[in-house]
Amino acid sequence: LIAAEAHARAGDPGAACATLDAAGPGGDEALEAELALARARWAHEDGRPDAPPVAPWAKVLGRLDAREEAWRLLAEAAERRGELDLALEAVDAMESRPRGARPELLASRLALMVRARVAVERGEPELALGLLEVVRPYAREPSALAGPVAACELAARLVQGTLAGFEEQLALARRRSTDALTVRALESTAASWARAHGTEPPKTDAIWFEGRVWRARWSRPGAAVRRGPD
């Protein structure tokens with residue numbers, strides 16, 4: 001599961017799906033459900049037309065008393081599909097667990113990020129920014145949440161119309177982001193910003209990022225050793 005997520009965040013959700021397909025049996029019903037849900041999550045991220053629906057997993061996870069990670073996967077998969085009500089239902093279930101709704105826990109911070117992104121999608125930027133303020137103390141660099149927080153904040157500001165210094169902060173966030181999912185979110189925000197101004201999107205660091213992904217692919221265990229682009 002961790003390796004699959006690493007592949008997806010390095011820009012290769014296809015490798016994430018392949019990793020999960022090769023994982024073999026999970027050993028118990030709850031872990032099998034989590035593996036299947038992760039396959040659906042990354043198949044949707046990969047844009048596969050045969051990616052399975054994720055809504056049926058809500059009842060399965062509830063019956064199995066699944067761990068927070070499974071609910072987070074369901075929330076993110078539903079968000080990716082645009083099923084925002086389902087995403088929030090998954091987050092509610094996740095936070096109703098005994099360890100839930102505690103910002104010092106990574107799972108809770110990820111859940112708050114889902115809530116914030118859904119708020120942006122629904123045109124509620126003030127709610128999104130308020131949620132990000134809860135996450136921010138735990139998302140300072142080098143935290144992996146620093147980039148997603150910046151991406152969500154910029155998207156909320158764009159909806160809100162608070163654009164003072166927007167272009168500079170967008171460029172800074174893009175330079176610092178090393179997660180393919182965050183880069184994709186920032187590219188979407190950049191395109192929306194450009195459309196609003198009737199201009200071309202600000203220049204991206206796509207060549208640098210693709211080089212990073214290229215290096216990541218050739219640094220896998222068992223891969224031939226090659227030098228990537230500088």
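Computation of the quantities below employed the complete heavy-atom set of this structure, encompassing side-chain atoms and omitting hydrogens, waters and symmetry-equivalent molecules. Residues take their numbers from the sequence shown, with the count starting at 1.
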Within the 4.5 Å heavy-atom criterion, are [X] and [Y] side-chain neighbours or not?
X	Y	result
L172	E168	no
L132	M113	yes
L37	L61	yes
L129	Q160	yes
F166	T189	yes
M94	V114	no

Verdict with supporting geometry, R115 and D92, side chain to side chain contact (heavy atoms under 4.5 Å, CB included): CA-CA 10 Å; R115 288 192 185 280; D92 288 341; 2.5 Å; yes
Flag the pair [X] and [Y] as a salt bridge only when some basic side-chain nitrogen lies within less than 4.0 angstrom of an acidic carboxylate oxygen.
X	Y	result
R39	D46	no
R80	E76	no
R72	E69	yes
R41	E5	no

Sidechain-backbone polar pair: D179 side chain, L181 backbone, donor-acceptor under 3.5 Å: yes
Check: T178 main-chain N/O paired with T182 side-chain donor or acceptor under 3.5 Å: no
Interatomic spacing from [atom1] in [X] to [atom2] in [Y] - rounded to 0.5 Å:
X	Y	atom1	atom2	answer
I2	T19	CD1	OG1	12.5 Å
Q169	R157	CD	CZ	4.5 Å
W42	L20	CH2	CG	9.5 Å
E68	S108	CD	OG	7.0 Å
R109	L131	CZ	CG	15.0 Å
S192	L154	OG	CG	11.5 Å

Derivation and outcome, side chain to side chain contact (heavy atoms under 4.5 Å, CB included), residues E34 and R67: CA-CA 9 Å; E34 197 167 326; R67 66 190 187 119; 2.6 Å; yes
Indicate, with yes or no, if [Y] and [X] share a hydrophobic cluster defined by side-chain heavy-atom contacts under 4.5 Å among Ile, Leu, Val, Met, Phe, Trp and Tyr.
X	Y	result
L74	L88	no
V134	V118	no
L112	V91	no
L64	L86	yes

Trace of the salt bridge (charged side-chain N to carboxylate O under 4.0 Å, His left out) decision for E133 with R136: CA-CA 5 Å; E133 284 305 311; R136 197 182 307 280; 2.8 Å; yes
At their closest point, which heavy atom of [X] faces which heavy atom of [Y], and how far apart are they?
X	Y	value
C17	R48	CB-NH2, 3.5 Å
R81	P52	NH1-O, 4.2 Å
V54	A77	CG1-CB, 3.8 Å
A4	A16	O-CB, 3.1 Å
A180	A8	CB-O, 3.9 Å
A156	A128	CB-CB, 4.2 Å

Residues that, via side-chain heavy atoms closer than 4.5 angstrom, fall in one hydrophobic cluster with V159: V120
Derivation and outcome, side chain to side chain contact (heavy atoms under 4.5 Å, CB included), residues L31 and L1: CA-CA 10 Å; L31 187 52; L1 286 164; 4.2 Å; yes
S188: side-chain hydrogen bond (donor to acceptor under 3.5 Å, both in side chains) partners, not counting sequence neighbours: none
